[in-house]
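See below for the structure under consideration.
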Amino acid sequence: MEEIKRAAAPHAMLFPFPCSGHINPTLKLGELLHSRGVRVTFVNTEHNHERLLRRSALRGREGFRFESVPDGLENADRRAPDKTVRLYLSLRRSCRAPLVALARRLVPRVTCVVLSGLVSFALGVAEELAVPSFVLWGTSACGFLCTLRLRQLRQRGYTPLKDESYLTNGYLDTPIDWITGMPPVRLGDISSFVRTVDPTSFALRVEEEEANSCAKAQGLILNTFDELEPDVLDALRDEFPRVYTIGPLAAAMHLRVNPGPSAGLSLWEEDASCMAWLDARQAGSVLYVSFGSLAVLSLSQLAEFAWGLAGTQRPFLWVVRPGLVAGDRGMEALPSDFLEETENRRLIVEWCAQEQVLRHPAVGGFLTHSGWNSTTESIWAGVPMVCAPGFADQYINSRYVCGEEEWGIGLRLDEQLRREQVAAHVEELMGEGSKKGEEMKRNAAKWKARAEAATAPGGSAHENLERLFEVLRLDEESDAEHGRR
Ligand code: UDP
């Protein structure tokens, strides 16, 4: 029966940029598509594929398979400080032909290509195959809009910065009040990419180009929901006729996919001891700390966070993945006196099942880098945040998280990290009797309920996902009519 149903089903080839922040949401989308009868081929790079195979983390099944293509990198590139840039360039240079060849080998034929951000070169793959393409841009809608507007910021002369002094002389506080769909924000809130003096800044151009390329796709898929970012989405829908807001993906998965397959292709081993440790803690007492899969802290930033955490006197669970600390270091870089001082009230792990951790009743706050996946997972879990943004859209995400007129569920740390402020913000967020803390908790509960309602049957994200399924089916049917099967 399964085989008969899928024989006539659309077949989506999914290809995310090869890092956790892109793989995880793309995989969730794949699971959701599969749950509605779409065939899914999920393509990793060979490097990640082998890494996942070693840990038996790949579980293909009927209608859902994993494939891989080479990323073209030399081993030395993988440890280079600019490894992500190298990966980006290498994929662009060498990956199109293997993807086309792979798609042509697949049976039944691929009927659409779904990409994450940063792999816009693969829009050409869909063109070559003559199938529609969709981009799951992994940031918030406000993050996407800001990235689109990097071009206007440059044209209006806001960027690049005149010289290094503009990083600290207050220039980044310049109000930007002309982006339709957004409240007035500071220039520095827009993105990390405005922090450059280089007129040819690679990151700035790449982001600009990648976001603007989405216009070439048949549909833009966002891991957000209409009630969370209504004005931004109205503005985006004027430019992009097909926008599918289907988030939070974590919530949609939870509701619709049964029995829970892997929530993410974790590139690191999840430490299972966290849950038992959390079970032994009081409700709402634990601060969860994680800076995602890519952030790299300097030794001095690490020390400010560590001593800030020590200063709170609260229990905390801190993810210190290998490579979090500059020089490709991890836990071993933590100061030993900090470890001694906090011994009885902390757990430090390399990686954890973050969604489960955030939804554990013991967790009452999240010190985060404000990556979009982490932010949506926290919203869905109803956990307020202390934000320490450092890269790309993390700045605008934290602006919305902390804005009292926007979501009102967090406090932001200054760019110049200070341990006293880390401790003070955590206390304000989680401490008993903090008026602001109580308000943030109330708001977090409100947004949690809205996220759940959006992804439940009849909710906006649920209905948009249905529309997406429908479009995939229609595209497939019209293909079949034109004899392109
Ligand atoms: N994550 C996880 N375990 C950890 C830390 C992070 O599973 O110990 C996941 C997290 O749930 C999220 C992703 O890694 O889905 C990080 O994505 P995000 O967009 O927040 O940040 P990025 O890694 O792209 O900077």
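Just so we're clear, the structure is a prediction, and the values are computed from it rather than from any experiment. Counting starts at 1 for both ligands and their atoms, following the listed order.
- Using a 3.5 Å distance cut-off with no hydrogens or angles, the side chains of Glu208 and Thr147 do not pair a donor with an acceptor.
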ask   = Does the pair Lys28 and Glu355 meet the rule for a salt bridge (charged side-chain N to carboxylate O under 4.0 Å, His left out), with working shown?
value = CA-CA 13 Å; Lys28 288 195 175 83; Glu355 281 168 32; 2.7 Å; yes
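- For ligand 1, the 4.0 Å heavy-atom shell contains residues Gly21, Asn24, Tyr288, Ser290, Gly292, Ser293, Leu294, Val319, Trp351, Cys352, Gln354, His369, Gly371, Trp372, Asn373, Ser374, Glu377.
- Judged by a 6.0 Å distance limit and a 45° cone about the ring axis, Arg93 is not positioned over the six-membered ring of Tyr88.
- Every residue two or more places apart in sequence or in another chain was checked for a ring pair (Phe, Tyr, Trp, His ring centres under 6.0 Å) with Tyr244, and none qualifies.
- Listed by first and then second residue, the side-chain hydrogen bond (donor to acceptor under 3.5 Å, both in side chains) pairs involving residues 382-393 are Asp393-Asn397 (not counting sequence neighbours).
- Screening residues 352-371 for ring-ring contact (aromatic ring centres under 6.0 Å, His included), with sequence neighbours left out, gives Tyr288-Phe366.
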